[in-house]
Student: 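Following this message is one structure expressed as structure tokens.
We number each residue from 1, following the sequence as shown.
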Amino acid sequence: MGNKNSLYSKKGPIILFFILLSSPWVVQIRNLFLSGKIGIAIKLSIFAIVFLVALFWMQKWFTKMLIQYQNNLNISMKKIENKKMRRSLK
């Protein structure tokens with residue numbers, strides 16, 4: 001069956017998400033540089049980088065919490081199964 005948490009550890013969808021999210025900013029920043037609005041382009045670049053880094057760390061934290069939740073759920077399900085097994089043996 002493989003790793004139960006493999007959904008959370010795949011890098012492809014995350015990379016594709018960030019590429020698609022950043023592509024409009026890259027195009028807009030390039031257009032601003034070409035039109036000579038370098039100050040605005042730099043401000044937009046800084047905002048985009050900060051936004052993407054913050055989003056990356058939030059997504060990483062959220063993934064970690066989902067894995068922890070799944071592990072806790074698995075542990076509690078095993079405890080319930082063990083209680084049922086003990087009751088059936090009595």
Student: Measure the CG-CD distance between Asn72 and Gln68 for me, rounded to the nearest 0.5 Å.
Tutor: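 So the CG of Asn72 and the CD of Gln68 are separated by 4.5 Å.
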Student: When clusters are formed by joining ILVMFWY residues with side-chain heavy atoms under 4.5 Å apart, either directly or through shared neighbours, do Leu44 and Ile46 land in the same one?
Tutor: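 They do share one cluster, since a chain of ILVMFWY contacts under 4.5 Å joins Leu44 to Ile46.
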Student: Check the hydrophobic clustering (I, L, V, M, F, W, Y; side-chain heavy atoms under 4.5 Å; chains of links allowed) and say if Leu16 and Phe62 are grouped together.
Tutor: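 Leu16 and Phe62: separate clusters.
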Student: Start with the C-alpha gap between Leu52 and Phe56, add the side-chain angles, then the distance that decides, and say whether side-chain contact (heavy atoms from CB on, under 4.5 Å) holds.
Tutor: CA-CA 6 Å; Leu52 290 172; Phe56 173 77; over 6 Å; no
Student: Out of curiosity, does Ile75 fall in the hydrophobic cluster containing Leu66 (side-chain heavy atoms, cut-off under 4.5 Å, transitive links)?
Tutor: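 No: no chain of side-chain contacts under 4.5 Å links Leu66 to Ile75.
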Student: Please enumerate all residues that pass side chain to side chain contact (heavy atoms under 4.5 Å, CB included) together with Ile15, with sequence neighbours excluded.
Tutor: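 Ile15 satisfies side chain to side chain contact (heavy atoms under 4.5 Å, CB included) with Lys11, Ile19 only.
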Student: The criterion is side chain to side chain contact (heavy atoms under 4.5 Å, CB included); which residues satisfy it with Phe17, sequence neighbours excluded?
Tutor: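 By the side chain to side chain contact (heavy atoms under 4.5 Å, CB included) rule, Phe17 matches Leu21, Leu55, Gln59.
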Student: Indicate if Leu20 and Phe51 have the same hydrophobic cluster label, given that clusters are the connected sets of ILVMFWY residues with side-chain heavy-atom separations under 4.5 angstrom.
Tutor: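 Cluster IDs for Leu20 and Phe51 differ.
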Student: Output side-chain donor-acceptor pairs under 3.5 Å for residues 25-41, partner residues at least two apart or in another chain, one line each.
Tutor:
from, atom 1, to, atom 2, distance (Å)
Asn31, ND2, Val27, O, 3.4
Ser35, OG, Asn31, O, 3.2
Ser35, OG, Leu32, O, 3.1

Student: Does atom CE (Met65) have a neighbourhood of more than 12 heavy atoms from anything else shown, all under 6.0 Å?
Tutor: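 Yes.
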Student: Mind checking the CD-CE spacing from Glu81 to Met77? Nearest 0.5 Å is all I need.
Tutor: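 Answer rounded to 0.5 Å: 6.0 Å.
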